[in-house]
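Remember, it's a predicted structure, so these values are computed and weren't measured experimentally.
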Amino acid sequence: MAKRSIPALNRVLSNLRSQPPPPCPSLLSQTRSVTYMPRPGDGTPRGVTLIPGDGIGPLVTGAVERVMEAMHAPVYFERYEVHGDMKKVPEEVIESIKKNKVCLKGGLATPMGGGVSSLNMQLRKELDLYASLVHCFNLPGLPTRHENVDIVVIRENTEGEYSGLEHEVVPGVVESLKFCSERIAKYAFEYAYLNNRKKVTAVHKANIMKLADGLFLESCREVATKYPGIQYSEIIVDNCCMQLVSKPEQFDVMVTPNLYGNLVSNTAAGIAGGTGVMPGGNVGADHAIFEQGASAGNVGNENLVEQKKANPVALLLSSAMMLRHLQFPSFADRLETAVKQVILEGKYRTRDLGGHSSTEEVANAVIATLTD
């Protein structure tokens with residue numbers, strides 16, 4: 001019985017060898033990947049507080065509104081007029097942000113001296129937005145002096161010099177107080193861990209400010225011990241600036257006190273392609289404000305306002321960060337891809353990127369890419 005079954009078995013095996021193999025399940029699964037599994041109701045449009053701001057702010061926030069509408073993003077904006085020359089942020093604006101949890105903001109002019117408080121700082125303190133994040137990276141098609149730049153600068157937003165604890169002791173003598181907690185270090189390492197980053201560098205001036213910046217380093221070192229898979233290093237701020245302009249690709253995530261971080265983020269943005277294309281945001285435990293990542297220095301540029309040629313790319317990419325924060329990852333991916341495609345093609349670029357396009361023309365190009 002067994003001997004007679006062997007020829008039959010051989011015939012079956014021969015037929016199987018002659019037939020094409022069945023489709024591989026892994027190849028089939030590559031046609032559509034599962035990136036986000038929403039809960040019921042997650043697609044409900046979310047309210048976002050919108051502050052157009054001063055100077056170029058209304059231009060670039062207007063471009064974002066048009067792009068969001070064209071891509072049918074599940075958000076709607078609650079617009080409030082706030083300007084840097086106001087004495088304080090209107091209470092209804094604060095209440096709107098607390099209700100919505102998220103805000104998109106254009107630049108607000110900051111008065112110099114005179115004891116007038118910056119509205120940007122008022123917002124950060126009122127909402128406890130202690131972490132500022134600026135992502136500085138090379139955009140394909142945009143030539144820069146350095147390649148392979150992908151730096152995330154995370155700086156403390158409310159402590160240190162920005163705590164505003166200063167007073168005049170006697171005429172001609174001003175005393176300024178700094179304080180530092182470990183929460184910015186915790187945020188930097190948590191960000192690195194969740195985003196598969198490999199290295200965190202603490203930027204300091206502890207060789208001179210041995211107590212104040214020394215406390216900052218102590219916090220970073222203690223937190224670093226809890227993340228053994230992430231490399232930790234330290235660098236003095238002046239050497240950091242030199243290293244940034246000579247070999248920026250060595251940096252990954254940088255964590256800094258607020259004053260140094262303001263300088264470092266702008267330097268890194270300039271190296272990677274300019275402040276007009278770098279996204280960023282400010283985040284706390286409960287709220288987040290998204291805005292252009294680095295200080296462009298063009299908030300009050302009247303020529304850009306009159307010619308309507310402000311670069312909307314930075315705020316568009318910040319809006320993609322906002323969409324991801326709101327757990328709309330597919331919309332964020334679409335927006336980022338469209339913006340990068342427009343930059344890569346190079347046909348529509350504002351003057352800071354070597355082109356002559358207006359804000360509206362860049363926004364139209366992004367919309368055309370999204371709707372193709």
Side-chain angles (χ1 to χ4, degrees), residues 50 52-73 75 77 104-107 134-150 266 268-281 290-324 328 330-372:
L50 177 67
D54 297 314
I56 68 168
L59 276 176
V60 293
T61 55
V64 170
E65 287 184 281
R66 291 183 56 231
V67 170
M68 289 287 188
E69 183 179 1
M71 70 185 298
H72 304 291
V75 297
F77 293 104
L104 183 70
K105 184 175 77 68
V134 182
H135 190 186
C136 304
F137 57 97
N138 291 126
L139 284 164
L142 186 62
T144 58
R145 192 178 298 273
H146 297 278
E147 298 180 354
N148 302 317
V149 177
D150 188 2
N266 279 271
I271 289 167
T275 56
V277 293
M278 299 302 149
F290 294 89
E291 57 188 332
Q292 185 166 311
S295 302
N298 59 4
V299 171
N301 190 317
E302 294 181 3
N303 289 333
L304 287 178
V305 176
E306 290 174 2
Q307 298 171 11
K308 298 184 178 180
K309 291 188 175 182
N311 193 346
V313 168
L315 198 63
L316 285 169
L317 292 176
S318 297
S319 300
M321 290 175 60
M322 179 188 75
L323 288 170
R324 197 165 283 116
F328 298 130
S330 63
F331 287 92
D333 291 344
R334 285 177 58 205
L335 180 53
E336 281 186 357
T337 301
V339 171
K340 290 178 180 178
Q341 184 64 33
V342 170
I343 295 294
L344 178 61
E345 291 174 354
K347 185 177 179 181
Y348 296 100
R349 292 183 182 178
T350 49
R351 187 169 57 191
D352 58 317
L353 303 185
H356 303 281
S357 301
S358 66
T359 306
E360 183 179 12
E361 288 171 337
V362 175
N364 288 343
V366 173
I367 291 171
T369 305
L370 281 167
T371 56
D372 275 349

Practice task
Return yes when atom CD of Glu345 has more than 12 non-hydrogen atoms of other residues, nucleotides or ligands closer than 6.0 Å, and no otherwise.
Solution key: yes
Handout entry: Smallest separation among heavy atoms of Lys308 and Leu59, with atom names
Key = CA-CD1, 3.7 Å
Exercise for the section: Check whether any side-chain heavy atom of Val60 lies under 4.5 Å from a side-chain heavy atom of Gln292, and answer yes or no. Expected result: no
Fill in the blank from the handout: Minimal heavy-atom distance between Ala320 and Leu335, with the atoms involved, is N-CD2, 3.8 Å
Completion exercise
What one should report as the nearest heavy-atom pair of Thr359 and Lys309 is OG1-C, 3.6 Å
Handout entry: Arg66 side chain near Asn364 side chain, heavy-atom distance below 4.5 Å
Key = yes
Handout entry: Close side-chain approach of His135 to Asp150, heavy-atom, < 4.5 Å
Key = yes
Problem - For the student: nearest non-hydrogen atoms of Lys105 and Leu315, plus distance - result: O-CD1, 3.8 Å
Handout entry: Parallel, tilted or perpendicular: ring planes of Phe328 versus Phe331, cut at 30 and 60 degrees
Key = perpendicular
Handout entry: Pairwise distance NE2(His356) to CD(Glu361) - rounded to 0.5 angstrom
Key = 11.0 Å
Handout entry: Asn266 (side chain) donor-acceptor with Ala294 (main chain) under 3.5 angstrom
Key = no
Handout entry: Approximate separation, where rounding is to 0.5 Å, of Lys340 NZ and Leu142 CG
Key = 12.5 Å
Fill in the blank from the handout: So OG of Ser358 and CZ of Arg351: to nearest 0.5 Å the spacing works out to 12.5 Å
Exercise for the section: Answer whether the closest heavy-atom distance between the side chains of Phe290 and Val64 falls below 4.5 Å. Expected result: no
Fill in the blank from the handout: Between Gly273 and Leu353, the two heavy atoms sitting closest are O-CD2, 3.8 Å
Problem - Student check: side-chain heavy atoms of Ile271 and Arg145 closer than 4.5 Å - result: no
Problem - Side-chain donor or acceptor of Ser357 paired with backbone N/O of Arg349 under 3.5 Å - result: yes
Practice task
Decide yes or no on side-chain contact (heavy atoms from CB on, under 4.5 Å) for Lys347 and Val342, but give the supporting numbers first.
Solution key: CA-CA 7 Å; Lys347 185 177 179 181; Val342 170; over 6 Å; no
Handout entry: Exercise: identify the closest heavy-atom pair between Ala272 and Val149
Key = CB-CG1, 4.0 Å
Exercise for the section: State the CG-CD1 distance between Asn138 and Ile343, to the nearest 0.5 angstrom. Expected result: 12.5 Å
Problem - Separation of Asp333 CG from Arg324 CZ (nearest 0.5 Å) - result: 5.0 Å
Practice task
Please round to the nearest 0.5 Å and tell me the distance separating atom CG of Asn311 and atom CG of Leu316.
Solution key: 8.5 Å
Problem - Contact check, side chains of Val339 and Thr369, non-hydrogen atoms, under 4.5 Å - result: no
